Amino acid sequence: MQVNCTECGNKAIITSRQALDPKLANLYCVCKNAECGHSFVMNLAFSHTLSPSSFQAKKMMVEMLRGMDRAEQLELLAQARNDMSVI
Ligand SMILES: [Zn+2]
């Protein structure tokens, strides 16, 4: 990950990272330009999901199955097995 100095535009190095939340961190940066020497803090924030994690998908499926009665659960599993045998 590259961070540029907000004063001179040169590359800066991240000296430490302070996690505030799983989706937000403060990055402590120092400009590599010796003549500038700017040190600053940047925020690194999660924006949005493009493709869900497989962990998330499994969790959602379990939650959905829990909301169904036994007959519906078995019917869906049977359908899933039939669809898989076609592939
Ligand atoms: Zn700089």
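Because the structure is a prediction, the values reported are computed rather than measured. Only this structure's heavy atoms are used, side chains among them; waters, hydrogens and symmetry mates stay out.
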So with a 6.0 Å cut-off around [atom1] of [X], is the heavy-atom count from everything else above 12?
X: Phe55; atom1: CZ; result: no
X: Glu35; atom1: CD; result: no
X: Met64; atom1: CE; result: no

Quick check: closest heavy atoms across [X] and [Y], and the distance to 0.1 Å?
X: Ile14; Y: Cys29; answer: CG1-SG, 4.2 Å
X: Cys31; Y: Phe40; answer: N-CE2, 4.3 Å
X: His38; Y: Glu7; answer: ND1-CG, 3.3 Å

Any side-chain heavy atom of Leu27 within less than 4.5 Å of one from Val41? no
How long is the span from the [atom1] atom in [X] to the [atom2] atom in [Y], to the nearest 0.5 Å?
X: Leu74; Y: Asp69; atom1: CG; atom2: CG; answer: 9.0 Å
X: Met60; Y: Leu65; atom1: CE; atom2: CG; answer: 11.5 Å
X: Asn43; Y: Leu24; atom1: CG; atom2: CG; answer: 5.5 Å
X: Gln2; Y: Ile13; atom1: CD; atom2: CD1; answer: 12.5 Å
X: Cys5; Y: Lys32; atom1: SG; atom2: NZ; answer: 13.0 Å
X: Met1; Y: Met42; atom1: CE; atom2: CE; answer: 7.5 Å

Find out if a path of hydrophobic residues (ILVMFWY) with successive side-chain heavy-atom gaps under 4.5 Å connects Met61 to Leu77. no
May I have the step-by-step check of side-chain hydrogen bond (donor to acceptor under 3.5 Å, both in side chains) for Asn4 and Asn10, ending in yes or no? CA-CA 5 Å; Asn4 290 80; Asn10 268 38; over 6 Å; no
